[in-house]
Protein chains: 2
Amino acid sequence: MNIVHFLCTEIDFMGTTERKAREKEELRALILKAARKLFVEKGIGQTTIRNIADSIDYSIGTVYVYFRDKNEILHALHTQSFVDLRGQLKVLINVKDPMERLKAMGKVYISFGLDNPEMYDLMFTLKAPMEFLETIQKDEWDEGKASFDLLKTTVQQCMDNGHFKGHKLEPLCFLIWSCIHGMCSLEIGSRTKNVNIKNPENIVTDAYDEFLIIISNL
Amino acid sequence: MNIVHFLCTEIDFMGTTERKAREKEELRALILKAARKLFVEKGIGQTTIRNIADSIDYSIGTVYVYFRDKNEILHALHTQSFVDLRGQLKVLINVKDPMERLKAMGKVYISFGLDNPEMYDLMFTLKAPMEFLETIQKDEWDEGKASFDLLKTTVQQCMDNGHFKGHKLEPLCFLIWSCIHGMCSLEIGSRTKNVNIKNPENIVTDAYDEFLIIISNL
DNA sequence: TTGAAAAATGAACATTGTTCATTTTCTTTG
DNA sequence: CAAAGAAAATGAACAATGTTCATTTTTCAA
């Protein structure tokens, strides 16, 4: 093999390598998209690898070429969802007043949760995708922490404006997050269980109004 | 069969029937106890019917004589756990001041959740035991509602004492419950995922302190 | 065109929930 | 006490699902 051959080979090789890598990434994304669709449609627990493979006309084995196991699929969608949530929250940097921004963040968060209950469960209540985590990345939670940091920054700015006197930043943020998450969690739970405490439609809305009154006066 | 025979038979029949019923109840309770033990030890998802049967030296089939399916076991433990929670909360009627009682209820609730994370998940985050509910009782959530009523009564008494002015009872109660539940849920979630936001040990305690400050001033 | 590397495949296995025909144990009765 | 009938217990067998891996198909540089 002379130098010309080497160069040509190298160029071709790089070209196809790139394309192959792109195609792999595309199929991976296709699998994730199909999985997400089925998860939303029929629930995570009721969706099988065979379902996912069938829905994109690939074989079971192919799914396992691109994902080590079902948990890795859940894991990837978990990360995606956090990126999505953070994306929706980041838009609110346009709201200058931090207290108004905080209120808006809560509303966006709740809408996100109640509009995508299956994904919300995947993010917060499902245990599976995180067990045996020692294997790979620990950084999928970095996205969650980034969202939490968005909250912290906003609350800090509220404090700078004289709000939340006598409160500590980190615990207060955890409390606020717990409030909002708790509402989503209980509402999603009672929806899937068809057991609503009362006012099925508006209980979260009404409770969030109470929340707004309370933090406005802090 | 004459009248004496009938009476004797009837008496014997009732005697053994009672004993049989008691034995059935005992075995049912034994299965539940074994299931709960295994659930706590190795997690609900990792516990199989075979595990449960083995642990009490009965066969798989026997478990299915006493429980229609795994969901019915989860369902029974779900109800038991709510009875347990309500029992712990009911003790607090001794606390006369409703605001103090409310604070104590939160503490008891959090301890209950963090001390029995697996059972807490079963009560609030697990979907399985409640799906296809149309089959049997809808009343297992009555226990949950009873606990919620305990909260409502206490908050109402706080209102009678001049607290929570400008707030509506039901939404406020839902908000309070969401706060406490949210803390438990997030804490349990981050524990099982070995991913803690910060101050792993005390974040809930610190956040609950913030909660106390806030509601004390309402 | 060809041969090797990459990708895709699906048969096969392991686990688990579940069923049910059979076996075992218990109870009543003659 | 013996036998029949009822109740309880059993575990082999089935179905569904996650997973593996030897084989087949496709791709692509030479």
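Here is the naming used below: chain letters follow the sequence lines, and residue numbers restart at 1 for every chain.
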Tell me, please, which residues at least two apart from Phe211(B) pass ring pair (Phe, Tyr, Trp, His ring centres under 6.0 Å).
Tyr208(B)

Using the side-chain contact (heavy atoms from CB on, under 4.5 Å) criterion, which residues pair with Asn51(B)? Sequence neighbours excluded.
Leu38(B), Lys42(B), Thr47(B), Thr48(B)

Can you name the residues that form a side-chain contact (heavy atoms from CB on, under 4.5 Å) with Val108(B), not counting sequence neighbours?
Gln88(B), Leu89(B), Leu92(B)

Does dT9(C) have its OP1 or OP2 closer than 4.0 Å to a side-chain nitrogen or oxygen of Thr62(A)?
yes

Check residues 110-118 of chain B and write down every donor-acceptor pair under 3.5 Å in which the side-chain atom is one partner and the other belongs to a residue at least two apart or another chain.
residue: Ser111(B); atom: OG; partner: Lys107(B); partner atom: O; Å: 3.1
residue: Asn116(B); atom: ND2; partner: Phe112(B); partner atom: O; Å: 2.8
residue: Glu118(B); atom: OE2; partner: Ile44(B); partner atom: N; Å: 3.1

I need the CD1-P distance between Ile56(A) and dT9(C), as an integer number of Å.
9 Å

Disulfide (SG to SG under 2.5 Å) partners for Cys173(A), two or more places apart
none

Which residues pass the salt bridge (Lys or Arg N to Asp or Glu O under 4.0 Å) test with Arg28(A), not counting sequence neighbours?
Glu72(A)

So, using salt bridge (Lys or Arg N to Asp or Glu O under 4.0 Å) as the criterion, who are the partners of Arg101(A) when residues are at least two apart?
none

Walk along nucleotides 18-26 of chain C from 5' to 3' and tag each nucleotide B, S or - by protein heavy-atom contact under 4.0 Å, base first, then sugar-phosphate.
BB-------

In whole angstrom, what separates Ile52(A)'s CD1 from dT17(D)'s C1'?
12 Å

What nucleotide, of dT10(D), dT9(C), dG17(C), holds the atom closest to the side chain of Thr48(B)?
dG17(C)

Mind grabbing the angle between the end helix axes of the helix from dT1(C)-dA30(D) to dG30(C)-dC1(D)? Five pairs an end, 10° rounding.
20°

Sorted by chain and residue number, the salt bridge (Lys or Arg N to Asp or Glu O under 4.0 Å) partners of Lys70(B) (sequence neighbours excluded) come out as none

Using a heavy-atom cut-off of 4.0 Å across all strands, would you classify Tyr66(A) as base, sugar-phosphate, or nothing?
sugar-phosphate

Protein-nucleotide distance (Asp54(A), atom CG; dA16(D), atom P), rounded to Å
14 Å

How about His181(A) and Tyr120(A): are their ring centroids closer than 6.0 Å?
yes

What is the distance from CG of Asp57(B) to C1' of dG11(D), rounded to the nearest Å?
15 Å

Give the residues of residues 23-39 of chain B touching DNA chain D, defined as any heavy atom closer than 4.0 Å, sorted by residue number.
Lys24(B), Leu27(B)

Stepwise side chain to side chain contact (heavy atoms under 4.5 Å, CB included) check, Val63(A) with Ile73(A)
CA-CA 9 Å; Val63(A) 174; Ile73(A) 297 177; 4.0 Å; yes

Just to verify, what does Arg86(B) make a salt bridge (Lys or Arg N to Asp or Glu O under 4.0 Å) with, not counting sequence neighbours?
Glu143(B)

